[in-house]
Amino acid sequence: MVTRGFVGRRQRPETGARLPPGQYLTQDFPILQIGPNPVIDLATWRFTLREGARPIKSWSWEELDSLPRTRWHGDIHCVTKWSKFDTDWDGVTIDDLLVDANMSAPSAYLLAESFDDYTTNVPVADLLNGKAMIATRYAGEPIHADHGGPARLFVPHLYFWKSAKWLKGLRFTTTDTAGYWELRGYHMYGDPWREQRYIGD
């Protein structure tokens with residue numbers, strides 16, 4: 001995994017107001033991941049909601065893509081200290097996903113699960129009321145595999161490691177269960193504005 005350090009340049013006032021503590025602004029879109037891109041075939045792709053080990057509902061790519069679409073414009077922040085302003089995403093909100101499944105969230109926590117076996121935990125409250133989506137397009141185009149396509153969780157108010165790439169499902173849990181990076185010392189929540197990068201922050 002490649003990381004980039006804080007550059008320490010003075011920011012313009014209007015820029016600084018949008019940068020969480022310790023972040024620097026980038027114009028590119030860094031690629032950070034724990035291994036190679038998984039090979040994903042849209043013809044067999046499935047997205048599944050689970051309560052523990054029990055499947056609740058599953059969608060094919062065509063079924064997910066036919067659900068109501070939401071667009072989001074704003075800034076994203078990575079725990080490795082880069083921030084990117086004015087990004088554009090669209091996809092299916094978690095609210096609309098639950099409506100289609102004819103259900104309410106059965107617990108207060110979940111794990112996002114990816115095709116490369118990556119996981120990350122997110123409180124359900126941080127995914128509802130338009131706060132998060134299953135993103136399938138970036139800047140008007142299908143999300144490139146390097147950035148987590150065909151679909152990734154998108155939770156822009158938390159550090160970007162919470163926006164799991166190559167998403168295959170959400171698993172509701174009864175406790176706040178640590179995911180891949182959380183088990184390796186990352187913060188269980190990850191609020192950029194409170195600089196919650198690691199355990200103890």
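In this text, all values refer to a predicted model and were calculated from it rather than measured experimentally.
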Which atom of [X] lies closest to which atom of [Y], heavy atoms considered:
{"X": "I40", "Y": "G149", "answer": "CD1-O, 4.3 Å"}
{"X": "T119", "Y": "G179", "answer": "OG1-CA, 3.3 Å"}
{"X": "G190", "Y": "P192", "answer": "O-CD, 3.4 Å"}
{"X": "M103", "Y": "P106", "answer": "CE-CD, 3.6 Å"}

Partners of K162 by side-chain hydrogen bond (donor to acceptor under 3.5 Å, both in side chains), sequence neighbours excluded?
N121, E182
If we only count heavy atoms from C-beta on, is the [X] to [Y] side-chain gap below 4.5 Å?
{"X": "I199", "Y": "H187", "answer": "no"}
{"X": "T48", "Y": "W59", "answer": "no"}
{"X": "H157", "Y": "K131", "answer": "yes"}
{"X": "I143", "Y": "P150", "answer": "no"}
{"X": "L127", "Y": "L110", "answer": "yes"}
{"X": "R137", "Y": "D65", "answer": "yes"}
{"X": "D75", "Y": "T87", "answer": "no"}
{"X": "T44", "Y": "W61", "answer": "no"}

Compute both the distance and the angle, then confirm whether R18 meets the cation-pi test with F85: under 6.0 Å from the six-membered ring centre, within 45 degrees of the axis.
yes
Between atom [atom1] of [X] and atom [atom2] of [Y], what is the distance when rounded to the nearest 0.5 Å?
{"X": "W45", "Y": "E63", "atom1": "CH2", "atom2": "CD", "answer": "9.5 Å"}
{"X": "L67", "Y": "I134", "atom1": "CG", "atom2": "CD1", "answer": "8.5 Å"}
{"X": "I94", "Y": "L153", "atom1": "CD1", "atom2": "CG", "answer": "5.5 Å"}
{"X": "D90", "Y": "R69", "atom1": "CG", "atom2": "CZ", "answer": "5.0 Å"}
{"X": "Q27", "Y": "L25", "atom1": "CD", "atom2": "CG", "answer": "5.0 Å"}
{"X": "K84", "Y": "Y24", "atom1": "NZ", "atom2": "OH", "answer": "11.5 Å"}

A quick test of your reading: do over 12 heavy atoms of other residues, nucleotides or ligands sit less than 6.0 Å from CG of D41?
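Atom CG in D41 is packed in, count exceeds 12.
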V92 vs T70, test: side-chain contact (heavy atoms from CB on, under 4.5 Å). Steps then yes/no.
CA-CA 6 Å; V92 178; T70 295; over 6 Å; no
If hydrophobic clusters are built by linking Ile, Leu, Val, Met, Phe, Trp and Tyr wherever their side-chain heavy atoms come under 4.5 Å apart, do [X] and [Y] end up in the same one?
{"X": "L49", "Y": "M133", "result": "no"}
{"X": "F47", "Y": "L42", "result": "yes"}
{"X": "L64", "Y": "L98", "result": "yes"}
{"X": "V99", "Y": "L128", "result": "no"}
{"X": "L19", "Y": "W193", "result": "no"}

Stepwise side-chain contact (heavy atoms from CB on, under 4.5 Å) check, F172 with V124:
CA-CA 8 Å; F172 291 98; V124 171; 3.9 Å; yes
Would you call the rings of [X] and [Y] parallel, tilted or perpendicular, taking 30° and 60° as the class edges?
{"X": "F29", "Y": "H147", "answer": "parallel"}
{"X": "Y138", "Y": "W89", "answer": "tilted"}
{"X": "Y118", "Y": "Y180", "answer": "tilted"}

Pairs in or reaching into residues 100-115: which pass salt bridge (Lys or Arg N to Asp or Glu O under 4.0 Å), with residues at least two apart or in two chains?
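Output for this query lists K57-D100, E113-R171.
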Less than 6.0 angstrom separating the ring centers of W72 and F154, yes or no?
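When the ring centroids of W72 and F154 are compared, they turn out to be within the sub-6.0 Å range.
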For the residue pair W166 and F115, is the inter-centroid distance of their aromatic rings smaller than 6.0 Å?
no
Among T80, I76, V155, L32, whose side chain to side chain contact (heavy atoms under 4.5 Å, CB included) with F160 holds?
I76
So, D191 and R197, do they make that salt bridge, N to O below 4.0 Å?
no
Go through the steps to decide whether Q196 and V79 satisfy the test side-chain contact (heavy atoms from CB on, under 4.5 Å), and finish with yes or no.
CA-CA 9 Å; Q196 294 175 331; V79 71; over 6 Å; no
Cut-off 3.5 Å, side chains only: do R46 and S58 have a donor facing an acceptor?
yes
Apply side-chain contact (heavy atoms from CB on, under 4.5 Å) to the pair R50 and L170, showing each step before the final yes or no.
CA-CA 6 Å; R50 301 179 188 275; L170 300 174; over 6 Å; no
Give a yes or no on whether the backbone of [Y] and the side-chain of [X] come within a donor-acceptor separation of less than 3.5 Å.
{"X": "D95", "Y": "N129", "value": "yes"}
{"X": "K165", "Y": "D146", "value": "yes"}
{"X": "S114", "Y": "D117", "value": "no"}

Under the rule for ring pair (Phe, Tyr, Trp, His ring centres under 6.0 Å), what residues qualify as partners of Y189, not counting sequence neighbours?
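None.
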